[in-house]
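Each chain gets a letter, A, B and so on, in the order the sequences are listed, and its residues count up from 1.
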There are 2 protein chains.
Amino acid sequence: MNECDSYKQYLNQHGMKSTKQRNLLLLILKKIQEPQTAEKLYLIAKETDSSINLSTVYRVLEKFTEKKITIRTSFLDDKSVYSLYPKTHQHQLICLRCKKIVLLENCPLEAFQHSVEKSTDFSIVNHRLELYGYCRQCQKIIAAN
Amino acid sequence: MNECDSYKQYLNQHGMKSTKQRNLLLLILKKIQEPQTAEKLYLIAKETDSSINLSTVYRVLEKFTEKKITIRTSFLDDKSVYSLYPKTHQHQLICLRCKKIVLLENCPLEAFQHSVEKSTDFSIVNHRLELYGYCRQCQKIIAAN
DNA sequence: ATGCAAATGCAAACTATTTGCATTTAGAAT
DNA sequence: ATTCTAAATGCAAATAGTTTGCATTTGCAT
Ligand SMILES: [Mn+2]
Ligand SMILES: [Mn+2]
Ligand SMILES: [Zn+2]
Ligand SMILES: [Zn+2]
């Protein structure tokens with residue numbers, strides 16, 4: 001049993017067959033730890049399994065996302081990126097210059113969400129919060145120009 | 001001078017030529033007041049100007065967005081939608097089923113943003129907040145199935 | 001071992017959006 | 001008013017990320 005089989009039990013528990021493509025992608029996602037496009041993951045996977053197909057990568061990621069093993073996010077005009085589903089609720093602080101991402105564990109929205117539910121009659125299941133700005137270093141670089 | 005010319009001055013002030021397509025789209029955007037896809041705006045525009053082209057609509061909306069006359073937003077897997085650039089800072093509450101959008105005038109993030117600036121040394125210039133859920137009607141429809 | 005639903009590879013389709021190009025047009029200059 | 005030119009438009013084709021149809025292979029329950 002090679003390392004690509006190591007997620008068999010995990011996958012079966014989630015109601016999925018363990019295939020070499022799925023095991024490999026799971027391995028890659030765990031190793032990388034930052035959001036990547038399907039294409040990038042495909043290229044990395046190809047180094048190990050040269051016969052893997054891009055459609056398969058999309059289908060695997062779709063299934064993973066459906067099972068909440070991964071999360072898919074996309075920004076305006078860009079390709080979607082995929083990463084392991086975060087263990088805890090969190091948000092992102094993104095540097096507009098260098099694209100560095102800082103994860104924020106605190107969420108300030110609980111009370112707000114409840115008050116919006118009350119005032120709108122929506123049932124809110126989810127939210128998206130991202131902060132944009134410039135990191136320390138990029139602030140300096142920008143100031144120097 | 002028909003009503004479609006009425007934005008000539010406004011457009012010129014923003015460094016754009018006044019064309020019948022731009023005037024018409026501006027009129028439609030002001031009338032509609034809710035985010036619409038380029039295609040929907042195109043269909044509405046066609047009722048008045050049957051020769052308008054979808055590419056033109058995309059190009060006009062792109063230019064408007066560049067000039068901050070409109071704002072473009074897009075959700076996972078969906079078409080982008082365009083609306084007039086909000087006069088005041090606001091956020092959106094989006095129904096995951098029917099895609100209805102409710103605008104929220106309150107922003108609960110001021111204090112949070114400051115505290116994040118302090119703890120991270122970022123200079124935060126912007127944020128994106130969207131709430132997702134189900135509107136009253138869609139809740140009922142979902143419950144009935 | 002066998003059977004079958006599920007997963008895969010491959011190629012083609014899809015679809016929102018963009019782009020190239022010939023033509024028209026707005027607005028400045030004459 | 002006429003002329004000029006860069007910008008805007010219509011049309012068709014291209015683009016690109018993603019999805020899908022289908023023949024084949026594979027995982028896994030029996
Ligand atoms: Mn939160
Ligand atoms: Mn806000
Ligand atoms: Zn930075
Ligand atoms: Zn709804």
Side-chain angles (χ1 to χ4, degrees), chain A residues 1-2 4-26 35-43 45-46 48-67 69-70 72-82, chain B residues 1-2 4-26 35-43 45-46 48-67 69-82 99:
Chain A
M1 157 164 18
N2 68 50
C4 280
D5 285 331
S6 46
Y7 300 111
K8 173 164 173 27
Q9 191 184 352
Y10 175 75
L11 287 166
N12 288 351
Q13 276 165 1
H14 284 76
M16 306 169 71
K17 288 184 182 177
S18 165
T19 67
K20 70 173 196 288
Q21 295 87 344
R22 286 176 178 170
N23 284 297
L24 176 55
L25 283 168
L26 214 36
Q36 295 288 350
T37 62
E39 171 121 45
K40 190 73 194 299
L41 293 167
Y42 161 69
L43 291 172
K46 255 197 142 176
T48 300
D49 173 3
S50 67
S51 73
I52 195 172
N53 190 272
L54 181 57
S55 313
T56 303
V57 173
Y58 273 108
R59 279 191 277 228
V60 167
L61 291 171
E62 182 186 30
K63 180 70 93 171
F64 281 0
T65 299
E66 174 195 324
K67 301 286 186 180
I69 290 169
T70 53
R72 173 182 174 184
T73 41
S74 65
F75 310 108
L76 206 56
D77 261 350
D78 268 318
K79 311 181 192 180
S80 291
V81 292
Y82 302 80
Chain B
M1 151 153 32
N2 67 53
C4 279
D5 285 330
S6 45
Y7 300 111
K8 172 164 171 33
Q9 192 183 352
Y10 175 75
L11 286 166
N12 288 350
Q13 276 166 359
H14 284 77
M16 304 169 70
K17 288 185 181 173
S18 164
T19 66
K20 70 173 195 286
Q21 296 87 343
R22 284 174 179 172
N23 283 298
L24 176 55
L25 283 167
L26 215 35
Q36 294 288 351
T37 62
E39 169 120 44
K40 190 74 195 295
L41 294 167
Y42 162 69
L43 291 173
K46 256 197 139 176
T48 300
D49 173 2
S50 68
S51 74
I52 195 172
N53 189 274
L54 180 57
S55 312
T56 304
V57 174
Y58 273 108
R59 279 189 280 226
V60 167
L61 292 171
E62 182 186 30
K63 180 71 91 172
F64 282 0
T65 300
E66 174 195 325
K67 302 285 186 183
I69 291 170
T70 52
I71 187 170
R72 173 182 174 186
T73 42
S74 66
F75 312 109
L76 205 57
D77 261 351
D78 269 316
K79 311 181 191 180
S80 291
V81 293
Y82 301 80
K99 312 295 177 192

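In plain terms, the two heavy atoms of B/L54 and B/A38 that are nearest each other are CD1-O, 4.2 Å. Smallest separation of non-hydrogen atoms from A/K20 and A/S51: NZ-OG, 4.4 Å. Closest approach of A/Y82 and A/T37 over heavy atoms only: CD1-C, 4.5 Å. The shortest heavy-atom contact between B/A45 and B/L24 is O-CD2, 3.5 Å.
Computed from coordinates, the A/L24 CG to C/dT8 P distance equals 11 Å when rounded to whole Å. Atom pair B/L25:CG and D/dA8:P shows a separation of 14 Å (rounding to whole Å applied). Nucleotide D/dA16 holds its P atom 11 Å from the CD atom of A/E39, rounded to whole Å. One atom, CD of B/Q36, and another, P of C/dT17, lie 13 Å apart when rounded to the nearest Å. Atom CD in A/Q21 sits roughly 14 Å away from atom P in D/dT25 (whole-Å rounding). One can place NZ of B/K20 at 10 Å from C1' of C/dT24, the figure rounded to the nearest angstrom. Whole-Å rounding puts the B/L54 CG to D/dA8 C1' distance at 16 Å. Between the P atom of D/dA7 and the CG atom of B/L11 lies a distance of 16 Å, rounded to the nearest Å.
Contact of the A/L26 side chain with the A/L11 side chain is registered, since non-hydrogen atoms from C-beta on lie closer than 4.5 Å. Annotation: side chain of B/R59 is not in contact with side chain of B/Q21 (no heavy-atom distance under 4.5 Å). Between A/K46 and A/Y42 there is a side-chain heavy-atom pair separated by less than 4.5 Å. Inter-residue side-chain proximity for B/R22 and B/F64 is flagged as met; some heavy-atom pair is nearer than 4.5 Å.
For the pair A/N53 and B/Y82, nearest-nucleotide mapping onto DNA chain C gives the more 5' position to A/N53.
Side-chain atoms of A/R72 do not come within 3.5 Å of backbone N or O of A/S80 as any donor-acceptor pair.
Candidate nucleotides C/dG27, D/dG17, C/dT17 were compared by shortest atom distance to the side chain of B/K8, and C/dG27 ranks first.
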Taking only N/O atoms, report every protein-nucleotides 2-6 of chain C pair under 3.5 Å with atom names and distance.
residue : atom : partner : partner atom : Å
C/dA5   : N3   : A/K17   : NZ           : 3.4
C/dA6   : O4'  : A/K17   : NZ           : 3.2

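For D/dT18, one of the phosphate oxygens OP1 or OP2 lies less than 4.0 angstrom from a side-chain nitrogen or oxygen of A/S80.
Within residues 55-62 of chain B, the residues having any heavy atom under 4.0 Å from DNA chain D are, by residue number, B/S55, B/T56, B/R59, B/V60.
Note on ring orientation: taking the six-membered ring where Trp is involved, the planes of B/H14 and B/Y10 are tilted (angle from 30° to 60°).
At a cut-off of 3.5 Å, with distance as the only test, a side-chain donor of A/S18 or A/N23 sits close to an acceptor on the other residue.
Residue B/T37 is out of contact with every strand shown, counting any heavy-atom pair closer than 4.0 Å.
Each of A/V57, A/L41, A/L43 was checked for a side chain to side chain contact (heavy atoms under 4.5 Å, CB included) with A/I52, and the lone residue meeting it is A/V57.
When the C1' atoms of four end pairs are superposed on the next four at each end of the helix from C/dA1-D/dT30 to C/dT30-D/dA1, using five pairs per end, the two resulting axes differ in direction by 30°, to 10°.
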